[in-house]
Protein chains: 2
Amino acid sequence: MTLDVTRLRIILDWGTTSFRALLVTPDGTVRDRIETEEGIQSVREGDFLGVLQRAIAPWRAAYGFLPVYAAGMIGSRNGWIEMPYVPTPADSRDLAAQVKNLPLPDGGTITFLPGLTDRSAHPFPDVMRGEETQLVGFGLDKDITVVLPGTHAKWARIAGRRIAAFQTLVTGEIFSTLSRHSFLSKVARRPATSNWDAFLKGVALVRDDKRTAGLLTHLFAVRTGWLSGALVPEQMTDYLSGLVVASEFREAKALGWFTDGDRIAVVGDDDLVEVYERVAGAFGLSLEPAPEDAAVRGCLAVARIAEDIHPAA
Amino acid sequence: MTLDVTRLRIILDWGTTSFRALLVTPDGTVRDRIETEEGIQSVREGDFLGVLQRAIAPWRAAYGFLPVYAAGMIGSRNGWIEMPYVPTPADSRDLAAQVKNLPLPDGGTITFLPGLTDRSAHPFPDVMRGEETQLVGFGLDKDITVVLPGTHAKWARIAGRRIAAFQTLVTGEIFSTLSRHSFLSKVARRPATSNWDAFLKGVALVRDDKRTAGLLTHLFAVRTGWLSGALVPEQMTDYLSGLVVASEFREAKALGWFTDGDRIAVVGDDDLVEVYERVAGAFGLSLEPAPEDAAVRGCLAVARIAEDIHPAA
């Protein structure tokens with residue numbers, strides 16, 4: 001099989017709790033998508049192949065064998081195969097050099113992309129799986145800090161046309177576990193629409209705190225705000241959200257990821273982008289535009305190079 | 001009924017998830033105890049009276065009516081009656097002046113103790129319910145900072161024979177929700193006995209971090225430590241514990257609750273006291289001895305004054 005740029009490709013976004021397959025044209029246009037709840041943790045007896053084949057059977061029937069590309073947690077220790085981490089600094093060529101092609105028994109090939117590690121991180125090497133394709137899709141041609149919101153948010157530095165360094169902050173995980181399982185969950189009522197006023201009050205509390213208090217201190221304000229009548233239950237989840245994401249920005253600033261007046265980019269494809277952009281604005285940062293389909297663009301960019309390196313795939 | 005110092009008293013420790021009643025002599029000796037899982041949140045249709053009467057029926061049969069004292073969350077908005085908060089600075093006399101006696105329909109009386117509020121706290125008044133009796137029981141005669149570990153840990157300053165100020169940090173809540181509901185819970189295996197080595201590694205990470213990173217950054221080290229082979233699953237819960245409690249000490253230091261070389265006290269009656277004392281030691285603090293039964297001592301001290309103020313109870 002030689003490279004045919006006119007061919008369709010399948011890009012997998014197969015995470016811990018969900019399965020998503022995108023049918024894309026070489027220019028990145030998404031022609032079709034299949035989503036199921038068959039996340040990695042629900043796959044029985046390691047039958048990733050079976051789950052994949054059943055999911056994409058309609059495309060197989062319509063188009064024959066299509067090359068499949070998979071980045072992210074499906075290539076982790078708990079996934080299909082454990083892919084290596086490419087060390088920073090790295091660009092799309094470094095990522096493409098480490099892909100692995102797995103022939104599928106009924107024909108066709110799945111290509112796994114590697115993850116990325118920052119060995120300079122303290123105290124242990126930091127890691128990402130999947131976000132590196134978003135960074136490549138965003139573009140590596142300009143020196144800038146990029147934040148990728150998520151369960152484990154990443155702050156990355158693009159410099160010298162490479163991903164130079166990155167750092168994980170567990171903001172989404174903290175917000176999710178606290179809003180579902182803490183003292184908050186008994187009181188807070190999730191609003192129908194985001195309450196940006198309450199959100200920005202939470203942001204301001206953290207941003208303007210001259211005492212360098214931290215998250216353990218600030219979080220109790222969700223409760224004392226309710227007890228004192230300053231917050232009503234409908235506001236508490238948004239207040240918590242503002243407080244937690246602003247804490248991420250405060251930590252990122254302390255760690256040198258940005259300074260006052262910087263221009264940064266927020267890369268992602270869900271509601272969190274707006275949340276992060278509002279916090280960035282509250283911290284006086286300006287925003288570099290970013291495409292919503294950065295993950296697809298990046299995956300295709302790495303795929304194209306990989307197909308040049310391994311044309312027999 | 002006049003005050004009879006030889007009489008037994010019942011002290012309730014009735015929290016959100018558990019009910020505990022102590023039968024104590026006037027000198028604070030615990031003669032008997034009854035514990036059930038009938039915490040405030042499990043009481044149906046507000047029948048606190050019924051739960052109490054059924055629980056202490058054996059004592060009622062043996063000793064007749066005994067005065068009952070209740071501090072803590074049973075006197076909160078979600079409890080039996082909502083007690084006021086006495087503002088700091090406050091001593092045992094200020095607390096005793098705000099107790100409320102509720103006659104029980106079949107005879108006897110239950111006396112609720114008020115909570116405590118620090119109106120100088122930022123951004124909303126801080127609150128405690130129950131810990132103020134621990135502080136009184138510890139003693140207010142010496143100027144010192146006292147930390148009370150728990151779901152919502154308190155740092156309090158005793159000065160001028162009063163509780164001068166305090167601050168809540170949600171350390172226990174963060175540890176509990178993360179160890180049960182986060183990425184950790186899928187990997188971490190709780191050790192049979194505490195692994196102090198892993199615990200102190202977590203403490204050191206936070207204490208020695210010159211970059212002023214915060215909790216959102218540090219928490220991911222639990223995962224990267226595992227991925228890099230530096231931590232085995234059995235160590236992860238203790239590493240997390242050290243990391244979170246050390247974060248509390250770091251925030252408390254930033255907020256001025258202690259400075260290098262200070263002497264502080266850790267007041268509580270469970271395993272957390274040892275955990276906190278080890279972190280205090282790691283931060284170079286010396287420890288003032290504290291009694292394990294501070295809550296009982298404090299409740300009785302307030303009760304005695306209240307009985308003088310309201311002898312008809």
Side-chain angles (χ1 to χ4, degrees), chain A residues 16 41 76-78 85 117 121-127 151-153 167-171 173-174 176-178 180-187 201 204-205 208-209 211-231 244 247-248 250-252 254-256, chain B residues 16 41 76-78 85 117 121-127 151-153 167-171 173-174 176-178 180-187 201 204-205 208-209 211-231 244 247-248 250-252 254-256:
Chain A
T16 305
Q41 67 185 17
S76 72
R77 195 174 292 181
N78 299 321
Y85 294 104
T117 183
H122 176 79
F124 308 116
D126 209 329
V127 291
T151 302
H152 296 161
Q167 173 90 40
T168 302
L169 293 98
V170 299
T171 316
E173 180 119 30
I174 288 280
S176 163
T177 55
L178 286 180
R180 275 187 282 178
H181 302 291
S182 78
F183 63 90
L184 280 174
S185 60
K186 295 180 194 86
V187 177
K201 276 185 193 163
L205 170 65
D208 301 337
D209 188 349
R211 306 167 307 155
T212 64
L215 199 55
L216 296 173
T217 308
H218 290 138
L219 284 172
F220 201 58
V222 184
R223 187 179 183 87
T224 54
W226 170 65
L227 286 170
S228 69
L231 294 174
V244 174
S247 296
E248 176 181 335
R250 189 158 171 158
E251 289 191 30
L255 292 166
Chain B
T16 304
Q41 68 185 15
S76 72
R77 196 174 293 182
N78 298 321
Y85 295 104
T117 182
H122 176 80
F124 308 117
D126 209 329
V127 291
T151 302
H152 297 160
Q167 173 90 42
T168 302
L169 293 98
V170 300
T171 316
E173 181 118 31
I174 289 280
S176 163
T177 53
L178 286 180
R180 277 186 282 179
H181 302 290
S182 77
F183 64 89
L184 281 173
S185 61
K186 295 182 194 85
V187 176
K201 276 185 193 164
L205 170 64
D208 301 337
D209 188 349
R211 307 167 307 155
T212 65
L215 199 55
L216 297 172
T217 309
H218 290 136
L219 284 172
F220 201 57
V222 183
R223 186 178 182 89
T224 54
W226 170 65
L227 286 170
S228 69
L231 293 174
V244 174
S247 296
E248 176 181 334
R250 190 157 170 158
E251 289 192 30
L255 291 167

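Letters A, B, ... are given to chains in the order of the sequence lines, protein chains preceding strands, and every chain is numbered from 1. In this text, all values refer to a predicted model and were calculated from it rather than measured experimentally.
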So, for [X] and [Y], which heavy atoms are closest and what is the spacing to 0.1 Å?
X: B/Ala213; Y: A/Glu251; value: C-OE1, 4.3 Å
X: B/Tyr85; Y: A/Leu227; value: OH-CD1, 3.9 Å
X: A/Asp126; Y: B/Phe220; value: OD1-CE2, 3.3 Å

> Which of these, B/Thr168, B/Val170, B/Leu169, sits in a side chain to side chain contact (heavy atoms under 4.5 Å, CB included) with A/Thr217?
Replying inline: B/Leu169
> What residues form a side chain to side chain contact (heavy atoms under 4.5 Å, CB included) with B/Arg180, not counting sequence neighbours?
Replying inline: B/Ser176
> Does B/Ala221 have any side chain to side chain contact (heavy atoms under 4.5 Å, CB included) partners at least two apart in sequence or in another chain, and if so, which?
Replying inline: A/Pro123, A/Phe124, B/Leu205, B/Thr224, B/Tyr239
>> Quick check on B/Arg223 against chain A: is it the side chain, the backbone, both or neither that has a heavy atom closer than 4.5 Å?
In response: side chain
> Contact part of B/His152 toward chain A, heavy-atom cut-off under 4.5 Å: side chain, backbone, both or neither?
Replying inline: side chain
Could you tell me the separation between the [atom1] atom of [X] and the [atom2] atom of [Y], rounded to the nearest 0.5 Å?
X: B/Ile174; Y: A/Leu219; atom1: CD1; atom2: CG; result: 5.0 Å
X: A/Gln167; Y: B/Arg211; atom1: CD; atom2: CZ; result: 5.5 Å
X: B/Thr177; Y: A/Leu178; atom1: OG1; atom2: CG; result: 5.0 Å
X: A/His122; Y: B/His218; atom1: NE2; atom2: NE2; result: 6.5 Å
X: B/Leu216; Y: A/Leu255; atom1: CG; atom2: CG; result: 10.5 Å

> Do you know which of B/Ser228, B/Gly225, B/Ala252 has the most heavy-atom pairs under 4.5 Å to chain A?
Replying inline: B/Gly225
>> With a 4.5 angstrom heavy-atom cut-off, is it the side chain or the backbone of A/Arg77 that approaches chain B, or both, or neither?
In response: side chain
>> I need the residue from A/Ala230, A/Ala153, A/Ser76, A/Ala254 with the largest number of non-hydrogen atom pairs under 4.5 Å to chain B.
In response: A/Ala254
